[in-house]
There are 4 protein chains.
Amino acid sequence: MSLLADLLSTLFDRRYVFMGKQDERPLSELCTALMSSQGDISGAAIAHQILDGYATSDLAGKRVFFEFLNSEMDIDPSELERVVAAYKSEKSEENYRELVIAAEPKRQELARRLNQVPGATHQLVHMRKDLLGLLKEQPDLARTDLDLLHLFNSWFNRGFLVLRPISWESPAQILEKIIAYEAVHAIDSWDDLRRRLQPEDRRCFAFFHPSLPDEPLIFVEVALTKGIPASIQGVLGKERSIVPVEDVDTAVFYSISNCQGGLAGVSFGNSLIKQVVQDLSRELEQLNTFVTLSPLPTFCTWATKEEIDLPESDEALEELAASYLLEAKRKDNIPFDPVARFHLYNGALVHDVHANADTSENGRKQSAGVMVNYLYDLKKISQNHEVFANQKEIVASKRVQALAKAGSGQVSSPPKTAPS
Amino acid sequence: MSLLADLLSTLFDRRYVFMGKQDERPLSELCTALMSSQGDISGAAIAHQILDGYATSDLAGKRVFFEFLNSEMDIDPSELERVVAAYKSEKSEENYRELVIAAEPKRQELARRLNQVPGATHQLVHMRKDLLGLLKEQPDLARTDLDLLHLFNSWFNRGFLVLRPISWESPAQILEKIIAYEAVHAIDSWDDLRRRLQPEDRRCFAFFHPSLPDEPLIFVEVALTKGIPASIQGVLGKERSIVPVEDVDTAVFYSISNCQGGLAGVSFGNSLIKQVVQDLSRELEQLNTFVTLSPLPTFCTWATKEEIDLPESDEALEELAASYLLEAKRKDNIPFDPVARFHLYNGALVHDVHANADTSENGRKQSAGVMVNYLYDLKKISQNHEVFANQKEIVASKRVQALAKAGSGQVSSPPKTAPS
Amino acid sequence: MSLLADLLSTLFDRRYVFMGKQDERPLSELCTALMSSQGDISGAAIAHQILDGYATSDLAGKRVFFEFLNSEMDIDPSELERVVAAYKSEKSEENYRELVIAAEPKRQELARRLNQVPGATHQLVHMRKDLLGLLKEQPDLARTDLDLLHLFNSWFNRGFLVLRPISWESPAQILEKIIAYEAVHAIDSWDDLRRRLQPEDRRCFAFFHPSLPDEPLIFVEVALTKGIPASIQGVLGKERSIVPVEDVDTAVFYSISNCQGGLAGVSFGNSLIKQVVQDLSRELEQLNTFVTLSPLPTFCTWATKEEIDLPESDEALEELAASYLLEAKRKDNIPFDPVARFHLYNGALVHDVHANADTSENGRKQSAGVMVNYLYDLKKISQNHEVFANQKEIVASKRVQALAKAGSGQVSSPPKTAPS
Amino acid sequence: MSLLADLLSTLFDRRYVFMGKQDERPLSELCTALMSSQGDISGAAIAHQILDGYATSDLAGKRVFFEFLNSEMDIDPSELERVVAAYKSEKSEENYRELVIAAEPKRQELARRLNQVPGATHQLVHMRKDLLGLLKEQPDLARTDLDLLHLFNSWFNRGFLVLRPISWESPAQILEKIIAYEAVHAIDSWDDLRRRLQPEDRRCFAFFHPSLPDEPLIFVEVALTKGIPASIQGVLGKERSIVPVEDVDTAVFYSISNCQGGLAGVSFGNSLIKQVVQDLSRELEQLNTFVTLSPLPTFCTWATKEEIDLPESDEALEELAASYLLEAKRKDNIPFDPVARFHLYNGALVHDVHANADTSENGRKQSAGVMVNYLYDLKKISQNHEVFANQKEIVASKRVQALAKAGSGQVSSPPKTAPS
């Protein structure tokens, strides 16, 4: 069994470790050395030095490093112009080779060379997280960011991701990250976590990448229920009754959290939901409904901007929320609500809205206590996605349409929806 | 434990499976559809159709497909010229984004989209193997090949590879591939394989990629010995005595085989040797010598070209071989012998040559029975590599230098070494 | 993940290893020392010495060891008489404790103490294999054998066994044991093995014990078919077509082999078949028939004893075979055929007999080429078993009953079936 | 990899599950049916019914069940007398077989038959826990308890146990049991647990049995330190500095906890310590001292009984504690202190005593704040054990001997040590 044991231990030993003694040269010089090194002979040692040096740099040092990448490791447009012209005149292999080299910024190759160090992938993801932080002040670093994003989109390609259930039998080391990364309905203790993982009507799934084996990339929490729930407190309440798994008919995605700031812009959510729907369908034939229970994170912000007073009656509130979901748009004519955008783009439809569905402080503040069920109907996902992506048309249930129609009346003037 | 069990089963279920019913559209049309699909909504299904369609195409169909990639999914030089000019005049984020898009051939993004299908990575590697076969007749397809190689260099980055020991406890399914892929000293039966894996003085290691978990990428066979062996038959003989592991002092790399034709040009060998040296050093402190026992695959070819008669005496043969190794060069002034090039570039030195070291038919025919020990001295690897890579200087032991000096006399005229 | 990795490596490192330097005392003296040692302080070392000493003994030495166990580590009847009397007069805890001690032969405790050494379980199983060999000449050693059997029945209790599929992905080290242990239809090469494991219509399952993780205890080979096969050559033929798994309706158990001579008398076969039927039913809902394709290993022996000439026509041969199965009995009135006894006791019924079903040399010689299908009908297993176990009644299909009736006529006089 | 995945999933699916519909017959009747069932045909179903029936019984029902086992499934002394006499007169196999059967209480075979149900082992361990609770009121049930203990000693033989490290990467499901079972220094939160597992100078090991894969049987917590610590608060303090693992020289066993009440009397502790000492020695060559930091759980009780006032000065307290450890004895002349008995029997010596070493409430109350270091010196363990086990002699360091000598003076009259 040593083969498998070794695979495991290899995967799980991939944590990056510091080298010890530090090369004193500045990072820029080390980068130049790494780029000129032949293959991985001395390259790995230099790469290690760069990663160590970066990790121990202060913010100013990191900024200098990124500025170096941005200006000195950029595409050279003059050179590129030259080789494009050559290629245009003759599409030879040699011309193409030169074109391809000139067309790729050096920092991409640099990142690939850094990545040969065990555990480096996670370090590079951290690096981009730092870079995203710096972008606000130094927007010109966006070019470097685009390149890292491009690389990560290739490395974190769906084909390389592994879906793993997260359960009460998962390593504590991973579970503590679930607690830390939960972004929608905070997990306030290990007992709370256990209530979300251990009962037979609860599931959790995460995407992992083999090079970051103890770091979830994104995870979704699922409640198996009988019927579609109308409030998050009903789903998460301490005193709720556990539904025997043979009685469930609905899978409710009540929380989806991205975990790695450095992977912002690499899209995992859609694949995750699709894969989980597929896996749950196979495991539990009795499931016939896949639905979310989602917040409306910008509902109150919108109402304030639109100078609309939130109605006090539940029904009127649901009407307003439905109208907001179907009619409040950005300048580019897609929904104002970011969660709506995500699920509609994935091919879900707006199935229902519920007042008094999230009575937490945050739920009141952002969503006025309203929550939405987006429905994933496997047979209609492609079609829903197409009409949304192409015609920007929002598919909704009859009930939601009716609510929205009634709700439109509440909005006195044409909404002045702000651009996003 | 379900998390781990799931990781395992996920990894090992990554074999690509056919979909069943086939879309009738030509591959080119499907590719266009895949490129215009938004995200992975309907993309995965189209990608699957393309992979299936490709796999069931005949050679003519595959050629049409590659021609399509080569011409229709190429970089558009006019467009690229336009955006380079814009970027040159203003290094804005927007201009850079346009530049990056125009600078990447569409077939790269296509390959990434194909790769979202489980098991697709292996299919794409197969695809390139086909392409390499077509290149001889259609050299202009080299542009597409360059792009696939570029992608594979990114995906099969050292940081994503996993080193795994191969032993008699490994799955038969993997062992049969070791038998099939052994390229140096053929394994003629399962009994022969067992003799190379099971004794305590034998080891084998392979690199794997998490997305091709049951496909070795490259493997090395190692004999642990007392002293440096002077013949392969001594190492592999059926009747040899097994050396108790506490008595060994030398690790002999006697066979290195690349397994995936479709990954030609992605360099694994150097990392493999370095990693194995490191792992063996840690496991067995008594090891103090790391050495190869290697063929001279082009020695006889060279002698014929040079019109040199192979001497009959062992000593003269060793002299000629040493001279061949140190002095026979290609036009670019690096060694004529490909195995020498590989190990010298890795930082090894030429330690010894042995006549009568490979008495097999193939050994006689290619190497006149001569074999070489290249020595990996951890402390000198970087230095050896540098002088070889920069000054094209070959480091050799005193004995080999002396042999070569004596051997030079055998070569009457300046060698007319052919270009490689 | 270290917990699991450790469990694995612990389990798979359980091979017994020799200690090195040997204690010179005779085994009997070491055994006495082990029995007088307190707990496992020095016990483990002595136990190790005994196991080493036994393993390196010749046959004479082993005999002396078993004679020692048999006579010196026996129950002491006088002591037992004394404490039974005491217990009879007063059922106190103290009297019971003394009774329990006196009622257990010392060799049982000795075996338990030997077993504390890692890997010892397998050594003890080997020990009993040796003992069984000696029994023929020294039948009085049967007492020691009874004790080992008693212990093994406790240790190899069904609750401690693990059913594992054997596939082409299993470790070569286990697969070579499948080749070696196959007792019914010999596996003549690794290619032959692959044909029995790799196609989608082939399965193999084995019982393992956690303390002998790389030793199958018993295994069954299964063919998934469409309809019940009438010949083994049809099942195993090199040129046969593979049946797509979605088309199969029948699971055929065509070979069951016990692997450990030292576990003779510990019954695994019945549990194995039941478990495999259950697991296959769950995996493949399309299966509706579970049947064997079995030899009649003593058919020809019986015919010779009974002075019956084997008929030449297929039909007459099937009639005779059916009559043999249903009517040829041992003195204790259970079937003469050992394979029939096994399956009938398990609750199977005699479903069909086929002439020309095994044309191999062995098949001709033992079974006159005839094979039987025993049918495992899950709903009737308990009932069939009960009538067989209690009334010694054999359940058979109508066809077999009719054949047997016709076959009876062939047997001129009442059969003189020999005792087994 | 399916073989291994299956082993894993098999092991980890071994939780006992209820059957559903219950047989209405009383447990005694079901037991009789199980004993008369032939093999495991219908046996498994009946066994399942018994386990279910037991689990759902109230205390009265359980008592009836145990009384049935105790009286009706006992050894029959008359029958045993008969067969012993026969065996005494002729040591034949047949007589021995009858003797062995009569000499074993039926309840042993019953327990083995119950154990064929997956997960039953854990249920049987629970059963004995219940039985131990009933023993106080019904001491005659001790006979049944002796038989269960006998069986568990065989099943939980050292050779079947697996040592596994417990770490922050272990499944939460196992970690919560560590929290629950810690019997010496309570773990008050998950954060507290993390502090005992995650730092590089902390270790934890547990014994597991393959049939109870998620139930630790016993575990030990280890601190790696530089020098021998003199107080538990120093070891466990939140603010302590983590010692880099390359600086440690001492392994401190500061807590050992048995987990399964139903396995009381099956001794694991000695093997556990020996194995952990061995494993740690191999992993960390720099370790040269293996020592405990142990409470004196009956020190204050003893002082009260002896009417000794605890001295206020640290030094006098250490003298009294040393005198208590070396001189306070039970009637059978072994130490009064249970923890001392355990470690001395294992071959440790009394190395040091420390006042003010446990300032917790419990530490003050039981041990007057004193703690002991018992030293495991691998070279002297056997010898120490022998003199303790045979001559009841306690080995102690010179310092402790001197302290004890001084301390003896504090005890005015010969101690009236109570029997245990």
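A, B, ... follow the sequence lines: proteins, then strands. Residue 1 opens every chain. Atoms considered below: every heavy atom in the structure, side chains included; atoms not considered: hydrogens, waters and symmetry mates. Note that the structure is a prediction, hence the values are computed from the model and not measured.
Ion pairing between a basic and an acidic side chain is recognised when a charged N comes within 4.0 Å of a carboxylate O; D:Arg112 and D:Glu109 show such pairing. Ion pairing of C:Glu79 with C:Arg82 is present here, as a side-chain N (NZ or NE/NH1/NH2) and a carboxylate O approach within less than 4.0 Å.
With a threshold of 4.5 angstrom between heavy atoms, C:Asp145 does not approach chain D through any atom at all. Only the side chain of C:Thr121 comes within less than 4.5 Å of a heavy atom in chain D; its backbone stays farther off. If you measure heavy-atom distances from C:Ala111 to chain D, you find no contacts under 4.5 Å at all. There is no contact between C:Gln108 and chain D, counting heavy-atom distances below 4.5 Å. Using a 4.5 Å cut-off between heavy atoms, D:Ala85 contacts chain C through both its backbone and its side chain. Heavy atoms closer than 4.5 Å to chain D are found nowhere in C:Leu141, neither backbone nor side chain.
Across D:Asp74, D:Asp76, D:Asn153, the residue that shares the most heavy-atom pairs under 4.5 angstrom with chain C is D:Asp74. Of the residues considered (D:Glu93, D:Arg143, D:Lys91, D:Arg97), D:Arg143 shows the highest number of contacts with chain C, using heavy-atom pairs under 4.5 Å. Interface summary for chain C: among D:Leu151, D:Asn95, D:Leu80, the most heavy-atom pairs under 4.5 angstrom belong to D:Leu80. Comparing D:Leu99, D:Leu146, D:Asn157 by heavy-atom pairs within less than 4.5 Å of chain C, the highest count is held by D:Asn157. Residue with the most contacts toward chain D among C:Ala102, C:Pro139, C:Ala103: C:Ala103 (heavy-atom pairs, distance under 4.5 Å). For chain D, the option among C:Val100, C:Leu114, C:Asp140, C:Ile75 with the highest count of heavy-atom pairs below 4.5 Å is C:Ile75.
The minimum heavy-atom distance linking D:Lys88 with C:Ser78 is given by the pair CE-OG, 3.3 Å.
The distance between the ring centers of D:Phe388 and D:His343 does not fall below 6.0 angstrom.
Under 3.5 Å, the side chains of C:Tyr345 and C:Asn270 contain no donor-acceptor pair of N or O atoms.
Within 6.0 Å of the NZ atom in C:Lys392, the count of heavy atoms belonging to other residues, nucleotides or ligands exceeds 12.
Between the CD atom in D:Gln275 and the CZ atom in D:Phe207 there is a gap of 6.0 Å [rounded to 0.5 Å].
A perpendicular orientation is assigned to the rings of D:Trp155 and C:Phe160, their planes being inclined by more than 60° (bins at 30° and 60°).
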